[in-house]
Amino acid sequence: MAEKEAAALQCPRTPDEVDLFGPGAPEQWYAAYDILHQQAPVMRLPGEGLTPDKDAFILSKYEDISRVVKNWDRFPPTLSLLVDQIQKTGHLPQDMPGLDAMIISICSLRPTQELWRAHRQELTDPWVGPGAGRHEHMVTGHVDELIDRWIADAQLDFVNQFARPLPQRTMASVLGFPMEDIPQLESWGNAQVLAFVHGCGHNNKLTEEQTREKFELLDGFGDYVRAKTAEKRAHPQDDMISFLTQTDYRALDRKLTDEEINGVVYAMLIGGLETTQYALAEQAQLICERPGLFQRLKQDRSLIRTFIEESMRLRSPTQGLSTRITSQDEIFQGVEIPAGSTLHLRWGAANIDPDEFEDAKELKLDRKAVTRHLAFSAGPRICPGAGLSRLEQTIAWNRLLDRLDDISFGDGNDFLHQPGIMLGTLKLNLHFTKAQENI
């Protein structure tokens, strides 16, 4: 299937040939970004706005996307418009069909910019944001246990044996779920991101059949979380769900309901797995493509931070999303964009914008201000789990550098990616040499 999709879309040579969303598109993204930067930094998608009479526009320049994500009022999130529509109906969101747990919880917990900020600061920052350092020992344990499973071999499937299970195990531990439940949690997580993988076009639209499939796969998720929430209300432990059951949420001057906790957990799963998986897989490829880089990092661990940030800039895990609307007429790169237009923010392109980054396509371990990239977005809606993802990546590479002497590409790699808007390598076979202490 992946081979057919890759063949379905030829490498673009002109703006008219650029298609960021069709079959096989991920294999041509970076060639397309060069064309967009040079010839079409703002690309119009006629009739692809929120309604057929509105257009959508792809933004690919760093300065434009940075301007958008830092101004909620001028460029409101599409989710905020959905919340407004739900509230105007006068119905409770939990009684409305087709809404997932995250959207239902947004209606009461974070419908405004102020409450969005409070939600992050009070509820998620202590666990997956700036407070993620509390998980260092736990993440290290998971990393070592995963390495122990394949260290006796000379090769591994890096995606399936390391990059994917690490964030799964980490997020289960953060939330307070048992490790034996991970296969079921993985199934629910796949359902939650179904639109971002198999959805159509820049809006990631699912067909009616796919939507039914999503909610059928999610059947039982709410009951599972509610059961765990009840357990932790009665017997709190040192985990995020226990914290959510006990905390007095100052922004609303009350405790959270079970449905609100369900929505927070939903959001943690949808955002806490893929970013780290894809980042680790791309980092392994960058190392294999650059002879001597593994040894340089092994000898100077102070370079790991820059390596991680540069790799996320070069190969952003989430390449783009249609998350903002223009509240007034705008001009980007000389292109007039009417009020009410949808903006597709192409972070993957912005992060290699040659007008913003010197030697934009080079991995530079001496690059200054390395966190200026937009892999986690920026502004009020910056990814709440960035702290945890960075922690996982840092510990993962420190321990891999401790326990291995080198890595290289193994046999059978085709370097193809999953469909959708995330840079997800389907498989990555590696050869490795164990460090002396592991022999």
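If you read the sequence from its start, that first residue is 1, and numbering goes on from there.
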Taking the side chain as everything from C-beta on, heavy atoms only, tell me whether V197 gets closer than 4.5 Å to N190. no
Contact between Q418 and P26 at the side-chain level, heavy atoms closer than 4.5 Å - yes or no? no
Side chain to side chain contact (heavy atoms under 4.5 Å, CB included) between F177 and M171, worked out: CA-CA 8 Å; F177 296 148; M171 187 52 65; over 6 Å; no
Atom pair CG/CG of L430 and D411 - distance to nearest 0.5 Å: 11.0 Å
Residues K61 and D64 bridged, charged N to O under 4.0 Å: no
Taking atom CD of Q161 and atom CD1 of I147, what is their separation to the nearest 0.5 Å? 12.0 Å
Using the salt bridge (Lys or Arg N to Asp or Glu O under 4.0 Å) rule, take E260 and R110 through it: C-alpha gap first, then chi angles, then the decisive distance, then the call. CA-CA 10 Å; E260 288 168 341; R110 44 181 176 149; over 6 Å; no
Could you check whether any side-chain heavy atom of I241 comes within less than 4.5 Å of a side-chain heavy atom of E231, counting everything from C-beta outward? no
Min side-chain heavy-atom separation V18-L20 under 4.5 Å: yes
NZ/NE/NH1/NH2 to OD/OE distance under 4.0 Å, R367 and E362: no
Identify the two heavy atoms, one from L109 and one from L123, that lie closest to each other, and give their separation to 0.1 Å. CD1-CD1, 4.5 Å
Begin from the C-alpha positions of L321 and F196 and carry the test side chain to side chain contact (heavy atoms under 4.5 Å, CB included) through to its verdict. CA-CA 9 Å; L321 283 171; F196 301 120; 3.8 Å; yes
Taking only distance into account, with no hydrogens and no angle test, what donor-acceptor pairs under 3.5 Å do side-chain atoms of residues 382-389 form with protein atoms, sequence neighbours excluded?
residue: S389; atom: OG; partner: T276; partner atom: OG1; Å: 2.9
residue: S389; atom: OG; partner: Q393; partner atom: NE2; Å: 3.0

Side-chain contact test, heavy atoms from C-beta onward, threshold under 4.5 Å: evaluate it for Q285 versus L428 and give yes or no. yes
Verdict with supporting geometry, S341 and I325, side chain to side chain contact (heavy atoms under 4.5 Å, CB included): CA-CA 6 Å; S341 300; I325 302 294; over 6 Å; no
Is the number of heavy atoms from other residues, nucleotides or ligands under 6.0 Å of E208 CD greater than 12? no
Salt-bridge present (K214, D100; N to O < 4.0 Å): yes
May I ask you to check whether H417 and E27 show a side-chain donor-acceptor distance below 3.5 Å? yes
Main chain of Q237, side chain of S242: is a donor-acceptor contact present, judged purely on distance under 3.5 Å? yes
N262 and M102: side chain to side chain contact (heavy atoms under 4.5 Å, CB included), yes or no, with the steps? CA-CA 8 Å; N262 188 7; M102 182 180 71; over 6 Å; no
Are K54 and E48 close enough, and set up right, to give a salt bridge (Lys or Arg N to Asp or Glu O under 4.0 Å), and what steps lead you there? CA-CA 6 Å; K54 299 291 185 181; E48 294 192 28; over 6 Å; no
Gap between atom CD of Q210 and atom NE2 of H198 - 0.5 Å precision: 8.0 Å
Aromatic ring pairing F158/W397, orientation class (parallel under 30°, perpendicular over 60°, tilted between): parallel
From E289 CD over to S408 OG, what is the distance, rounded to the nearest 0.5 angstrom? 12.5 Å
Where is the tightest heavy-atom contact between W150 and F432, given as atom of each residue plus distance? O-CZ, 3.3 Å
Is there a salt bridge (Lys or Arg N to Asp or Glu O under 4.0 Å) between R254 and D248 once you walk through the steps? CA-CA 6 Å; R254 62 172 174 80; D248 291 311; over 6 Å; no
Would you check, one step at a time, whether the test side chain to side chain donor-acceptor pair (under 3.5 Å) holds for Q283 with Y278? CA-CA 9 Å; Q283 287 157 5; Y278 304 148; over 6 Å; no
With sequence neighbours left out, write down each residue that passes salt bridge (Lys or Arg N to Asp or Glu O under 4.0 Å) with E274, or none if nothing qualifies. none
Any carboxylate oxygen within less than 4.0 angstrom of a Lys/Arg side-chain nitrogen, looking at D239 and K232? yes
Taking the side chain as every heavy atom from C-beta outward, state whether V159 and L426 have any atom pair closer than 4.5 Å. no
Derivation of the side chain to side chain donor-acceptor pair (under 3.5 Å) call for R346 and Y33: CA-CA 9 Å; R346 203 67 186 185; Y33 297 160; 2.9 Å; yes
Of all heavy-atom pairs between A360 and I352, which one has the smallest distance, and what is that distance? CB-O, 3.4 Å
Side chains of E259 and S105, donor plus acceptor under 3.5 Å: no
Is the distance from the ring center of W188 to that of Y224 below 6.0 Å? yes
Can you tell if the side chain of E122 reaches within under 4.5 Å of the side chain of Y249, non-hydrogen atoms only? yes
Could you grab the distance from atom CG of L423 to atom OG of S316, nearest 0.5 Å is fine? 8.0 Å
Ring of F75, cation from R67 - is the NZ or CZ under 6.0 Å from the centre and inside 45° of the axis? no
Please give me the minimum heavy-atom distance between V370 and E309, naming the atom from each residue. O-CB, 3.5 Å
Would you mind telling me which of R164, M422, E282 makes a side-chain contact (heavy atoms from CB on, under 4.5 Å) with Q277? R164
Is the number of heavy atoms from other residues, nucleotides or ligands under 6.0 Å of K205 NZ greater than 12? no
Pairs meeting criterion side chain to side chain donor-acceptor pair (under 3.5 Å) with involvement of residues 123-139, two or more places apart: none
I'd like to know if the side chain of N413 and the backbone of N429 have a donor-acceptor N/O pair within less than 3.5 Å. yes
Would you call E310 and R313 a salt bridge, taking side-chain N to carboxylate O under 4.0 Å as the test? yes
Non-hydrogen atoms of T306 and L365 that approach each other most closely: CG2-O, 3.6 Å
For the pair H202 and S322, evaluate side chain to side chain donor-acceptor pair (under 3.5 Å) and give the outcome as yes or no after the intermediate values. CA-CA 6 Å; H202 74 96; S322 295; 2.6 Å; yes
Ignoring hydrogens, what is the shortest heavy-atom contact between V69 and P380? Give both atom names and the distance. O-CD, 3.4 Å
Just checking F21 against H344, ring centres under 6.0 Å apart? yes
Is it true that atom NZ of K364 has more than 12 heavy atoms of other residues, nucleotides or ligands lying nearer than 6.0 Å? yes
Atom CD1 of I261 and atom CG of L256: how far apart are they, to the nearest 0.5 Å? 5.0 Å
State, yes or no, whether a side-chain contact exists between R305 and T371 at a heavy-atom distance under 4.5 Å. yes
Any salt bridge between D144 and R399, counting N to O under 4.0 Å? yes
Before we go on, tell me: are the rings of F415 and F409 under 6.0 Å apart, centre to centre? yes
D258 with K228: basic N within carboxylate O range, under 4.0 Å: no
